[in-house]
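Quick note on labels: first sequence line is chain A, next is B, and so on, each numbered from 1. Everything numeric here is computed off the predicted structure, so don't read it as measured data.
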Amino acid sequence: MTYVRWSQCLLPTWKEDPGEADLPSHKLMLRAGLIRPLAAGIYTYLPLGWRALRKVEAIVREEMEAIGGCELHMPVVHPADLWAKTGRLEDFGPQLVRFLDRAGREMVLGPTHEEVVTDIARKEIQSWRQLPLMLYQIQTKFRDEPRSRGGLVRVREFTMKDGYSFHESFADLDAYYPKVYEAYRRIFSRCGLAALAVEADPGLMGGSGSHEFILPNPFGEDTVVTCASCGYAANLEWASTRWEEEREPLLPREEVATPGCTTIRDVARFLAVPESKTAKAVFYKGEQGLIFVVIRGDLEVNEAKLARVTGCADLGRASEEEIAEVGAVPGYASPVGLKDPRVKVLVDRSVETKRNLVAGANKEGFHLRNVNFPRDFPAQWVGDVATVRDGDPCPRCGSALQVQRGIELGHIFKLGTKYSQALGATFLDREGQAQPLVMGCYGIGIGRLLAAVIEAHHDEQGIRWPLALAPFQVVVAVLDPKREDQVQAGASLAQGLASGGWEVLVDDRERSPGEKFHDAKLVGIPLLVVVGPRSLQRGQVDLERREDGLRRTVELSTPAVREAVKELLATAGC
RNA sequence: CGGGGCGUGGCGCAGCUGGAAGCGCGCCUGCUUUGGGAGCAGGAGGUCGCUGGUUCAAAUCCAGUCGCCCCGACCA
């Protein structure tokens, strides 16, 4: 082991915040010289960032190996016909980068590797005796995202740990899945992150069960719903709430004039009823036509939930013309008396459980009082498509739910046989019968995880690496590199620490002491050792801990400094 | 893809009612300095994103285009 000299490594720092960045982690990764942009959502990792990234990878590898994972490495470039077989050549859409090779064969850049790993499994797994098997890799993915954002939070080219498990039965997958879940918890915890594990929508991946690991963060792109009392936690696209059945007697339906009231707010105010006593119409356009969603006036439709209930993958809001075309009056649309067979009605639980609501009359300037489902109109679907709000009752225990933003760090899925069936990946079971492999898949965005670590571990002066992820544990600042005694002392000290197993960076740049102190804090090395004239004349060096500024002066000797470093880092909270 | 913003030395920005491209930081050289982002002196570095137009004259006005950022849509 040796040490790294700052002057001989590309470790640039910036004094000022970059104009392009908003997120703390994005600003700090640029200022501390971890990353540099090449194009939108495409970054170079500079040496310091790369070291930190490799620390994250090391933790991920250890935990994957601990649950029996075997690392392999699959290609970035895949033949498109493999993707055509699972239907995802179309499903992935423009996110999937496609191109032709010189022979005119269509190729794609891998956005994920279910197809390739299943192809491997199809060829290599023949017997139940080879199962279960967990394969994983840490590898570059490319997804041509419509919008990258937030530095490493959402990028187009990124490093992902993706793991795939193969089982002889759903029961075996069910038994294995919790091990991955626990491994993920350990990974995030070792990275110093209090990640939430939430129930999630399997979405495009398909499959029967799924959890996301989310770091609560105001800049996060995901929204999670949690219950402090019972521990319920779900992605907003999956979360539900509890509906109390209203008990009041059904009243006769009546038409009332509501001139000029085209919004729920207008109607509720005009008729002096709360918005929760109204039903509104929201129109969507799906593959099989128009969908008329009837939902309580004070609630919003969640499109992911709507897609699941209706089975429509491609949903969009319908235009006014499309609404009018089926005989509905925009602003006064009503499920009552709707006749056009092209429209399918979906009743949200919020309306199913309510009584005597105000709804449109499908007539300009009129609404209906005391509308009740199913007395007054039929529906193709009844389901939960409402967006959960902060304070809504928990579906399990009824306590108030919290809604917060977060960064998705990892996602695990029970895939089932979607890919093995599509690609014909079968094995012979204990009875000698060919069966499709049962699969799970498990992803972690490594770069995003690194960004999340910085989101959680920084202060106004810079990054504060957790010890396990610090690119170096110790930085030795030689205050005046023109003075031979300081250079010598710094070098021998650094060598002594390095041979003791620490990763050491020596700041031997010709900079003022102030800059070195500031940069040490900016790049976030857990421990700073100062070799300067003041202490050196007494045969001493000064140590300063990043996380709390704790300082200590010790004798300039390898054993003494090693001892002090060990103690200061061992007692650190990071 | 819709909405908004921004493209001027490496970084952060000013200049924009048209008329000699500037400031701070950084960088280079020299001297002084050296324990919390030093001082002085000298210096290098810019087709003002690109293309076209208007004009005697364009960083500045107009049109188009490309790029980047933010919000939304989208999204393992």
Side-chain angles (χ1 to χ4, degrees), chain A residues 12-23 26-27 30-31 33 36-42 88 91-96 110-114 141 143-151 153-156 158 160-164 200-207 210-214 219 221-223 235 237-238 303-304 307 313-317 408-415 440-445 448 461-462 477-483 486 509-522 528-537 540-542 544 549 551 553:
Chain A
T13 57
W14 291 344
K15 199 185 280 189
E16 292 171 286
D17 271 340
E20 70 196 66
D22 276 339
L23 264 77
H26 189 193
K27 288 182 191 171
L30 290 167
R31 282 189 59 200
R36 288 291 180 264
L38 178 64
I42 301 178
R88 289 210 298 182
D91 291 352
F92 247 93
Q95 270 200 59
L96 185 66
T112 175
H113 282 73
E114 282 77 18
K141 313 286 187 204
R143 294 182 191 175
D144 199 358
E145 298 279 353
R147 180 155 96 85
S148 54
R149 58 181 294 271
V153 167
R154 180 161 219 86
V155 289
R156 296 193 294 168
F158 58 103
M160 175 185 248
K161 187 288 294 176
D162 45 326
Y164 308 89
D201 183 355
L204 190 55
M205 303 300 300
S210 169
H211 288 84
E212 283 177 352
F213 293 81
I214 304 268
F219 293 98
E221 302 183 278
D222 288 75
T223 306
N235 188 294
E237 297 180 346
W238 191 256
E303 290 185 20
D314 200 15
L315 281 169
R317 291 291 281 263
E408 179 186 345
L409 304 174
H411 201 156
I412 61 178
F413 302 83
K414 292 182 186 176
L415 281 182
C441 81
Y442 318 94
I444 293 178
R448 185 186 280 181
Q461 304 193 86
V478 176
L479 292 191
D480 186 355
K482 289 197 187 122
R483 286 189 47 175
Q486 289 184 33
R509 297 173 300 169
E510 297 202 6
R511 302 294 186 104
S512 70
E515 279 182 274
K516 295 183 182 184
F517 294 134
H518 278 271
D519 277 349
K521 288 188 169 122
L522 176 61
L528 168 68
V529 178
V530 182
V531 179
R534 205 172 68 194
S535 298
L536 204 56
Q537 66 178 0
Q540 295 174 324
V541 292
D542 305 289
E544 182 176 332
R551 294 183 193 187
T553 297

Side chain of [X] only, please: which of [options] is the nearest?
{"X": "A:D480", "options": "B:C69, B:G37, B:U34", "result": "B:U34"}
{"X": "A:K482", "options": "B:U33, B:G35, B:C68", "result": "B:U33"}
{"X": "A:R31", "options": "B:U33, B:G37, B:G35", "result": "B:G37"}
{"X": "A:K15", "options": "B:U33, B:G26, B:C69", "result": "B:G26"}
{"X": "A:F517", "options": "B:C71, B:G36, B:C68", "result": "B:G36"}
{"X": "A:P513", "options": "B:A73, B:G36, B:U34", "result": "B:U34"}
{"X": "A:E20", "options": "B:G37, B:C75, B:C69", "result": "B:C69"}

What is the pairing partner of [N], taking Watson-Crick or G-U wobble pairs with both distances under 3.5 Å in any strand?
{"N": "B:C1", "result": "B:G72"}
{"N": "B:A57", "result": "none"}
{"N": "B:C11", "result": "B:G24"}
{"N": "B:C48", "result": "none"}
{"N": "B:G67", "result": "B:C6"}
{"N": "B:C31", "result": "B:G39"}

Has the side chain of [X] got a donor or acceptor that lies under 3.5 Å from a partner of the other kind on the base of [N]?
{"X": "A:D542", "N": "B:G35", "value": "yes"}
{"X": "A:R149", "N": "B:C70", "value": "no"}
{"X": "A:E16", "N": "B:G37", "value": "no"}
{"X": "A:R534", "N": "B:G36", "value": "no"}

Q. How many angstroms lie between atom NZ of A:K141 and atom NZ of A:K161, to the nearest 0.5 angstrom?
A. 10.0 Å
Q.
Between A:R31 and A:T13, is the side chain to side chain contact (heavy atoms under 4.5 Å, CB included) condition met? List the steps.
A. CA-CA 5 Å; A:R31 282 189 59 200; A:T13 57; over 6 Å; no
If you measure from the [atom1] atom in [N] to the same atom in [M], how many Å do you get, rounded?
{"N": "B:G43", "M": "B:G22", "atom1": "P", "value": "14 Å"}
{"N": "B:G7", "M": "B:C16", "atom1": "P", "value": "13 Å"}
{"N": "B:C70", "M": "B:G30", "atom1": "P", "value": "43 Å"}
{"N": "B:G10", "M": "B:C62", "atom1": "P", "value": "27 Å"}

Q: Compare all side-chain heavy atoms of A:K521 with those of A:E544 and state whether any distance is below 4.5 angstrom.
A: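 Sidechains of A:E544 and A:K521: in contact.
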**Q.** Short side-chain N/O contact from A:S512 to OP1 or OP2 of B:U34, under 4.0 Å
**A.**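 So the side-chain polar atoms of A:S512 never come under 4.0 Å of the phosphate oxygens OP1 or OP2 of B:U34.
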Q) Within the pair A:R511 and B:A38, is there a side-chain N or O less than 4.0 Å away from OP1 or OP2? A) no
(Q) Please check this pair: side chain of A:R143 against backbone of A:P111, looking for a donor-acceptor N/O pair closer than 3.5 Å. (A)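 Checked: pair present.
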Q. Touch check for A:P37, heavy atoms < 4.0 angstrom, all strands: base, sugar-phosphate only, or nothing?
A. nothing
Q. Contact class for A:A200 (heavy atom, under 4.0 Å): base, sugar-phosphate, or nothing?
A. nothing
Q. So does A:R509 pair up with A:E515, basic N to acidic O under 4.0 Å?
A.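 Not counted as a salt bridge, because no side-chain N and carboxylate O are separated by less than 4.0 Å.
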Q | Nearest-nucleotide 5' precedence on RNA chain B, A:P18 against A:Q540 | A | A:P18
Q: Would you kindly compare A:H411 and A:G19 by the position of their nearest RNA chain B nucleotide and give the one closer to the 5′ end?
A: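 Its nucleotide being nearer the 5' end, the pick is A:G19.
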Q: Evaluate the side chain to side chain contact (heavy atoms under 4.5 Å, CB included) criterion for residues A:W14 and A:L522: first the C-alpha distance (whole Å), next the side-chain angles of each, then the deciding distance (0.1 Å), finally the verdict.
A: CA-CA 9 Å; A:W14 291 344; A:L522 176 61; over 6 Å; no
